[in-house]
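Single-structure report; data block below.
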Amino acid sequence: MTIENTIAEHIQKAVSVLYQSEIGIDSIVIQETRKEFEGQVTVVTFPFTRLSKKTPEQTGAEIGEYLKEHIQEVTAFNVIKGFLNLSISDSYWIDQLLNNVLNEGFGQFPANGKRVMVEYSSPNTNKPLHLGHVRNNLLGYSVAEILSANGYEVIKVNLVNDRGIHICKSMLAWQLFGNGETPESSGLKGDHLVGKYYVIFDQEYKKQVAELVEEGQTEDNGKKNAPVIRQAQEMLLDWEAGDPAVIALWSMMNSWVYAGFEQTYNQLGVDFAKYYYESDTYLLGKDIIDEGLDKGVFFEKEDGSVWIDLTEDGLDQKLVLRANGTSVYITQDLGTAQLKYDDFKVDKSIYVVGNEQDYHFKVLFLILQKLGKPWAKGLYHLSYGMVDLPSGKMKSREGTVVDADELMDDMIRTAQERTEELGKVDGFSEAEKADLYNMIGLGALKFFLLKVEPKKRLLFDPNESIDFQGHTGPFIQYTHARIRSVLAKADYKTRISSNHSLELTILERELIVNLSKYPGVISAAAMEYSPAHIANYVFELAKLFNKFYHEESILKAEDTSVRNFRLDLASACAVTINKGMALLGIRVPARM
RNA sequence: GCGCCCAUAGCUCAGCUGGAUAGAGCAACGGUUUUCUAAACCGUAGGUCUUAGGUUCGAAUCCUAAUGGGCGUACCA
């Protein structure tokens, strides 16, 4: 039972006793007291004035008096305009710290018996990952961690788009221009090698289109008739027909890509319980089409194509099966959704996919609901904004992308330079240094991407390096290292204070109030699928600690009980920072 | 055309279900190190919360419309 709940309940009683009225728990607004006023918890009294028929000030005073009398922890109150500010006893806050915040499981909710799937990453196998994928991966990973902290059993899956015309483009270009180049022979990471031929294909394609236009064809015809695109289309047909040579080439090039992706995923620190491959799932969904026709959810047009009419739901008519009986994107997604459910019987399923597919998922989920799938209500599209460059959209084909591997390497290198400038690595082994640079570089990158609300688009300027100071990952990592350094000096191991009757300083109290908010932040982050809440919370905590650290000495506190208490408090901050950052996939060092 | 999303300080962003004088970071200017790590801390300056209406005791927050930007509206994925 939190203090807010206790207060809310007593307010109901107070209203009943004082004004002979009932008030719903929802209309009681309790918030944190603003710093410039005395107290920690504030009740907004405007909603009660209707019942009391008195001024907000009088009402506040009467309720404040009642609360002070009936709740032990409420030691004092003041009323300013319509706001009743309550002071909660120091012993309550100290107890919170020692018996709640410092507990092992603080911020980890007990298992709720529910299972949730998070699908993220979903790369194409014709090119390496870029910054947009990085945002996707970090979001997916973090949301999975957050749900896990909220008591869900989480299954992370990756649906790999390993077939289709785009892969054939890379394959064809490699056949035509590759001269048998391999990752070994070229020294290139497999995904980068394949991506290189994707770009070469596009260059060749454009050249051929230009030639055809030169010869008098229209732009559109040129695009259709260019020999390379024809060849790529043929290759796709051969692939679907199971042509052994094409399949062998496809397998080989895909294996290069997977080796490359694995490295990138390792570096990013993300993982998956299961991979789904579109080469296995692209034919799924036909039985769902039959089911939908039987149920009258779908209808067939004269040419044999199958549609759903969503005009009553404010959407359009949507094709779900071509006239020739082949699938479209949504057909296989219908099938894959069923497959994923059958595999794991999940209560919720999160799709981490960019916002350009908002309409697709709206339609997908609506169709599954209309089909009466009971699990359809657990589907959620975690839609996030594009990562744009100052020059506009990233395009792999044209090579205007921020490459994931290069960016991570850059960040780590910058971390190294910064750290060496500051001369902070005395006594580190080479391996420890490498690990530290990795932690800081990736910490900066991950925090940069995760601190922004997912649905907002993100602007990334490659010419302005990501900061290491201020509202950043390294700032928080530094705060953690600072605390650990103090704890190490004191040879601190575990909770040591027992004195509950200390008088707290303002900053100590503020810190505990802040720490107490952590579980609420975790559940809000899960509710909204937003790591940004956690990022901003941890930043606030770190900032507050730094202020405290600067103004009040821990090791040289005025007496032992204060010193021990501050060590516990500092430790609680370090642990909470660590936990919060872990939910973002960011590691924190003990020294930096 | 229609639909969805976004708009807060010079820049990048917070602002929870409507609540007190709208907050951080960066950049600018000034200060703090014989004292637990200065990747830190303190201060100054910077805002008609895109605009216009509406609801309310009270609106950055909710509703309507407009403007600007992004995305979608494929028998591509």
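For the numbers below, each heavy atom of this structure counts, side chains included, while hydrogens, waters and symmetry mates do not. Below, chains carry the letters A, B, ... as their sequence lines are ordered, and counting in each starts from 1.
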If you measure from the Lys or Arg side-chain nitrogens to the Asp or Glu carboxylate oxygens, is any gap between A/Arg418 and A/Glu421 under 4.0 Å?
yes
Counting side-chain heavy atoms from CB outward, which of B/rG70, B/rA39, B/rC4 is closest to A/Asp358?
B/rC4
Within less than 4.0 Å of OP1 or OP2 of B/rC36, is there a side-chain N or O belonging to A/Arg566?
no
According to a strict under-4.0 Å criterion, is A/Lys456 in side-chain N/O contact with OP1 or OP2 of B/rA14?
yes
Please determine, for the side chain of A/Val452, which listed nucleotide (B/rC5, B/rC36, B/rC13) has the closest atom?
B/rC13
Where each residue is assigned the nucleotide of RNA chain B containing its nearest heavy atom, which of A/Lys362 and A/Ile80 is assigned the position nearer the 5′ end?
A/Lys362
Side chain of A/Val328 (C-beta onward), nearest among B/rA77, B/rA20, B/rC36
B/rA77
Under the 6.0 Å and 45° cation-pi test, does A/Lys455 pair with A/Tyr529?
no
Under the side chain to side chain contact (heavy atoms under 4.5 Å, CB included) test against A/Arg587, which residue among A/Leu442, A/Asp435, A/Asn578 passes?
A/Asp435
Please verify the inter-ring angle class for A/Tyr275 with A/Tyr277; under 30° counts as parallel, over 60° as perpendicular, anything in between as tilted.
parallel
A/Glu453 side chain to A/Tyr384 side chain, donor-acceptor N/O pair below 3.5 angstrom
no
Send over the distance from A/Leu459 CG to B/rA7 P, rounded to a whole Å.
15 Å
Nearest-angstrom distance, P atom, B/rA60 to B/rC75:
45 Å
Given that both distances must come in under 3.5 Å, which nucleotide forms a Watson-Crick or G-U wobble pair with B/rC41?
B/rG31
Let me know the distance between OH of A/Tyr384 and P of B/rC6, rounded to the nearest Å.
17 Å
Could you check which nucleotide pairs with B/rU67 in any of the strands shown, counting Watson-Crick or G-U wobble with both distances under 3.5 Å?
B/rA7
Can you see if the side chain of A/Tyr329 gets near the phosphate of B/rA77 - specifically, an N or O under 4.0 Å from OP1 or OP2?
no
What is the per-nucleotide protein-contact pattern of nucleotides 23-34 of chain B, from the 5' end, where B denotes a base atom under 4.0 Å from a protein heavy atom, S denotes such proximity for sugar-phosphate atoms only, and - denotes neither?
SSSS--------
How close or far is atom P of B/rU73 from atom NE2 of A/His360, stated in whole angstroms?
11 Å
Base, sugar-phosphate or nothing for A/Glu453? Non-hydrogen atoms, less than 4.0 Å.
sugar-phosphate
From CD of A/Glu57 over to C1' of B/rC57, roughly how many Å is that when rounded to an integer?
12 Å
Pick base, sugar-phosphate or nothing for A/Thr419, based on heavy-atom distances below 4.0 Å to the nucleic acid.
base
Of the candidate nucleotides B/rA20, B/rC36, B/rU37, which contains the atom at the shortest distance from the side chain of A/Thr33?
B/rA20
If you look at every strand shown and take non-hydrogen atoms under 4.0 Å, does A/Ile440 touch a base, only sugar-phosphate, or nothing?
base
Taking for A/Thr479 and for A/Phe548 the nucleotide of RNA chain B with the nearest heavy atom, the one nearer the 5' end belongs to A/Phe548
SB check A/Glu558 A/Arg563 (cutoff 4.0 Å):
no
Tell me if a side-chain donor or acceptor on A/Thr419 pairs with a main-chain N or O of A/Ala415 at a distance below 3.5 Å.
yes
Write down the distance between OH (A/Tyr492) and C1' (B/rC36), rounded to a whole number of angstrom.
16 Å
Carboxylate-amine/guanidinium proximity below 4.0 Å for A/Asp388 and A/Arg457:
yes
Side-chain-base donor-acceptor pair under 3.5 Å for A/Asp303 and B/rC75:
yes
Indicate, with a heavy-atom threshold strictly under 4.0 Å, whether A/Glu540 touches base, sugar-phosphate, or nothing.
nothing
Between B/rU8 and B/rA14 - P atom distance, rounded Å:
10 Å
Kindly point out which of B/rA77, B/rG19, B/rU37 is positioned nearest to the side chain of A/Val486?
B/rU37
Just call it for A/Arg50: base, sugar-phosphate, or nothing, with non-hydrogen atoms closer than 4.0 Å on any strand.
nothing
Among B/rA20, B/rG72, B/rA77, which nucleotide sits nearest the side chain of A/Asn161?
B/rA77
Which whole-number value in Å describes the distance from A/Gln31 CD to B/rG18 P?
12 Å
Sugar-phosphate only, base, or nothing, as touched by A/Asp313 at under 4.0 Å among non-hydrogen atoms
nothing
Checking contacts here: which listed nucleotide (B/rU37, B/rG19, B/rG15) is nearest the side-chain heavy atoms of A/Tyr549?
B/rU37
What nucleic acid atoms does A/Ala532 come within less than 4.0 Å of, heavy atoms only: base, sugar-phosphate, or nothing?
nothing
For B/rC76, take OP1 and OP2 only and decide whether either is under 4.0 Å from a side-chain N or O of A/Arg322.
yes
Mind checking if A/Phe475 touches a base, just sugar-phosphate, or nothing, with heavy atoms under 4.0 Å?
sugar-phosphate
Atom-pair distance (CD on A/Glu551; P on B/rC41), nearest Å:
11 Å
Counting heavy atoms from C-beta on, name the nucleotide in B/rG70, B/rG72, B/rC75 closest to the side chain of A/Tyr359.
B/rG72
How far, in whole Å, is B/rA24 from B/rU67 if one measures between their P atoms?
36 Å
Considering only heavy side-chain atoms of A/Ala323, the closest of B/rC75, B/rU35, B/rU73 is B/rC75
What distance, rounded to whole Å, do you find between the two P atoms, one in B/rC41 and one in B/rG69?
39 Å
Can a side chain N or O of A/Ser485 be found less than 4.0 Å away from OP1 or OP2 on B/rU37?
yes
Whole-Å C1' distance, B/rU50 and B/rA7
6 Å
From the options B/rA39, B/rA20, B/rC36, select the nucleotide whose nearest atom is closest to the side chain of A/Phe37.
B/rA20
Atom-pair distance (NZ on A/Lys318; P on B/rC2), nearest Å:
20 Å
